[in-house]
Amino acid sequence: MLYLAIAIYAVAMTVANLLVAQFGPSITPINAFVLIGLDLALRDWLHVRLKMWQMGSLIGATGLLTFMLNPAAGMIAVASAAAFTAAAIVDWTVFAKLTGSWLKRANASNVVGAAVDSLVFPTIAFGVLMPHIVAMQFVAKVAGGAVWAYVIYKAKDIKNTLIAAYGARQ
C-alpha cells in the first residue's frame, strides 16, 4: 500500500504540473481540487509512514520528473518543488503538533499547507502575484484535500473491517 500511495502521489503531482505547463493558470483551480487535494491528503498519510528525508526526496523527484517529461515546464517544476516543499514543512509542523484523529489533523494541516502552496506556486510559476488564482486555488485545495482525506480515512476503515471479517471466519 505504501508504494502505491507513493506512486499515486508522484503521478498526481507530475500530471498537475504538466497540465499547468500546457494550459496555464486557468487550469489551476481544477488541478487544485482534484490532483493537489489528493496530494495534500496523501502527503499526510505518507508523513506518518516516511522519514522526512524520504518525503523531501519524493517531492524533489516528482519536480525533476515533470521537467524531464516536458522541459518547457521548467519553471512550473521549480515552482511546484518550492511550493510543495514549503507547504510540506508547514503541513508537517501543524500535523505533528495536533492531537486527535488522523482525519482532524489532516484537514487542519491541509488548510495551512494549501495556503502556503496556493501563494507560492502561482507566484513563482507565472512571475506575478495573482490574488484571484491564489484564492481559487486555496478554496479548491482545501475542499479537494477534505474530500480525499475522507476517502483515505474511509478506505482504512473498509480495510480494517475486511480484515476483522476475514479473521472472524477462521
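Just so we're clear, the structure is a prediction, and the values are computed from it rather than from any experiment.
Taken together through direct or relayed side-chain contacts under 4.5 Å among Ile, Leu, Val, Met, Phe, Trp and Tyr, W45 and M52 form part of one hydrophobic cluster. By the rule that hydrophobic residues join a cluster once side-chain heavy atoms approach within less than 4.5 Å of another member, V48 and L50 end up as members of one cluster. Linking Ile, Leu, Val, Met, Phe, Trp and Tyr whenever their side-chain heavy atoms come within less than 4.5 Å leaves V139 and M130 in two separate clusters. Hydrophobic cluster membership is shared by M136 and V128, with clusters built from Ile, Leu, Val, Met, Phe, Trp and Tyr side chains linked at under 4.5 angstrom. Side-chain heavy atoms closer than 4.5 Å link hydrophobic residues (I, L, V, M, F, W, Y) into clusters, and following such links, possibly through other members, connects L46 to M1.
Every pair tested for salt bridge (Lys or Arg N to Asp or Glu O under 4.0 Å) that includes a residue from residues 97-111 fails, sequence neighbours excluded, so the list is empty. Applying the ring-ring contact (aromatic ring centres under 6.0 Å, His included) test to residues at least two apart or on different chains, none of the pairs has a partner in residues 122-151.
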Starting from the C-alpha separation in whole Å, work towards a yes-or-no answer on side chain to side chain contact (heavy atoms under 4.5 Å, CB included) for D44 and H47. CA-CA 5 Å; D44 291 325; H47 272 167; 4.0 Å; yes
Where do L42 and I6 land on the side chain to side chain contact (heavy atoms under 4.5 Å, CB included) test, with the steps shown first? CA-CA 8 Å; L42 275 177; I6 290 170; over 6 Å; no
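Checking side-chain atoms of N110 against main-chain N and O of V142 turns up no donor-acceptor pair under 3.5 Å. Formation of a donor-acceptor pair under 3.5 Å by the T28 side chain with backbone atoms of P25 is found in this model. Under the 3.5 Å distance criterion, the side-chain polar atoms of S109 are matched with a main-chain donor or acceptor of A106.
The aromatic rings of Y153 and W102 lie parallel to each other, their planes meeting at an angle below 30°, with 60° marking the opposite boundary.
In this structure D117 satisfies the salt bridge (charged side-chain N to carboxylate O under 4.0 Å, His left out) test together with K141, sequence neighbours excluded. Residues forming a side-chain hydrogen bond (donor to acceptor under 3.5 Å, both in side chains) with N17 (at least two apart in sequence, or on another chain): T66, S80.
Hydrophobic cluster membership for V134: L119, L129 (Ile, Leu, Val, Met, Phe, Trp, Tyr linked by side-chain heavy atoms under 4.5 Å, directly or transitively).
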Would you mind writing out the side-chain donor-acceptor pairs for residues 32-41 within the sub-3.5 Å range, not counting sequence neighbours?
unit_1 : atom_1 : unit_2 : atom_2 : d
D39    : OD2    : M13    : N      : 3.3

